[in-house]
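Below: one structure, written as structure tokens.
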Amino acid sequence: MPRGDKSAYTDKQKRQAQHIEEGYIDQGVPEDKAEARAWATVNKMTGGGKKSGSGRGKAVNPAPARKGGRAGGAASASRTAAERSASAKKAAQTRARNAANRKASMAT
């Protein structure tokens, strides 16, 4: 089976990856990176694709899917309101620019 082949994944895992990918795209992550991150998250949660044989099942660990956004709490707490606001404005500009670029590349 070549690398990148998704035939060994269950339908549920494929749906999970699709939903996770959509979430990343909504955040402004490029489509190829969003797909890679989504599959990495599914692999981390479920241990990869389905495997044959009795007793091969593993409990699903939901922690990787819930992890996002938690790391920045301590860092943002130590910054002033003005610094946080400037950072948020810069991020909004970046997201808008990425969305415009994505829209322009789809039009061509």
Side-chain angles (χ1 to χ4, degrees):
M1 183 168 56
R3 284 175 62 106
D5 183 15
K6 305 296 187 230
S7 63
Y9 289 88
T10 64
D11 289 340
K12 181 177 180 178
Q13 288 171 317
K14 291 174 185 175
R15 283 194 311 274
Q16 286 175 324
Q18 182 62 36
H19 287 296
I20 293 167
E21 181 181 352
E22 288 169 5
Y24 278 126
I25 290 171
D26 289 344
Q27 292 175 25
V29 176
E31 217 164 300
D32 54 338
K33 283 192 193 247
E35 182 182 9
R37 285 186 190 180
W39 281 108
T41 303
V42 169
N43 286 338
K44 184 85 170 177
M45 288 169 55
T46 62
K50 61 187 175 203
K51 298 165 183 74
S52 62
S54 176
R56 296 285 299 267
K58 255 178 81 175
V60 174
N61 175 17
R66 310 180 81 180
K67 187 171 96 171
R70 296 192 181 192
S76 66
S78 65
R79 300 186 327 183
T80 66
E83 288 172 327
R84 289 195 310 273
S85 178
S87 179
K89 287 176 184 175
K90 182 178 178 183
Q93 287 175 338
T94 301
R95 283 193 298 274
R97 186 174 60 248
N98 288 345
N101 290 342
R102 216 173 14 260
K103 198 179 269 188
S105 68
M106 287 183 179
T108 57

Lys14 side chain near Trp39 side chain, heavy-atom distance below 4.5 Å: yes
Mark yes or no for whether Ser87, through its side chain, and Glu83, through its backbone, hold a donor-acceptor pair below 3.5 Å. no
Taking every heavy atom of Ile25 against every heavy atom of Arg102, the minimum-distance pair comes out as O-NH2, 4.1 Å
Side chain Thr46, main chain Val42, donor-acceptor under 3.5 Å: yes
CZ of Arg66 to CG of Asn61, rounded to nearest 0.5 Å, is 10.5 Å
For the student: nearest non-hydrogen atoms of Gln16 and Met45, plus distance: NE2-CE, 4.0 Å
Strictly distance-based, threshold 3.5 Å: is any side-chain N or O of Gln13 a donor or acceptor partner for the main-chain N or O of Gly48? yes
Work out which heavy atom in Pro64 is nearest to a heavy atom in Lys44; give both atom names and the distance. CG-CG, 3.3 Å
May I ask you to test the Glu21-Glu31 pair for a side-chain heavy-atom distance under 4.5 Å? yes
Arg37 side, atom CZ; Asp32 side, atom CG - distance, nearest 0.5 Å: 10.5 Å
In terms of heavy-atom contacts, Ala38 and Ala17 come closest through CB-O, 3.3 Å
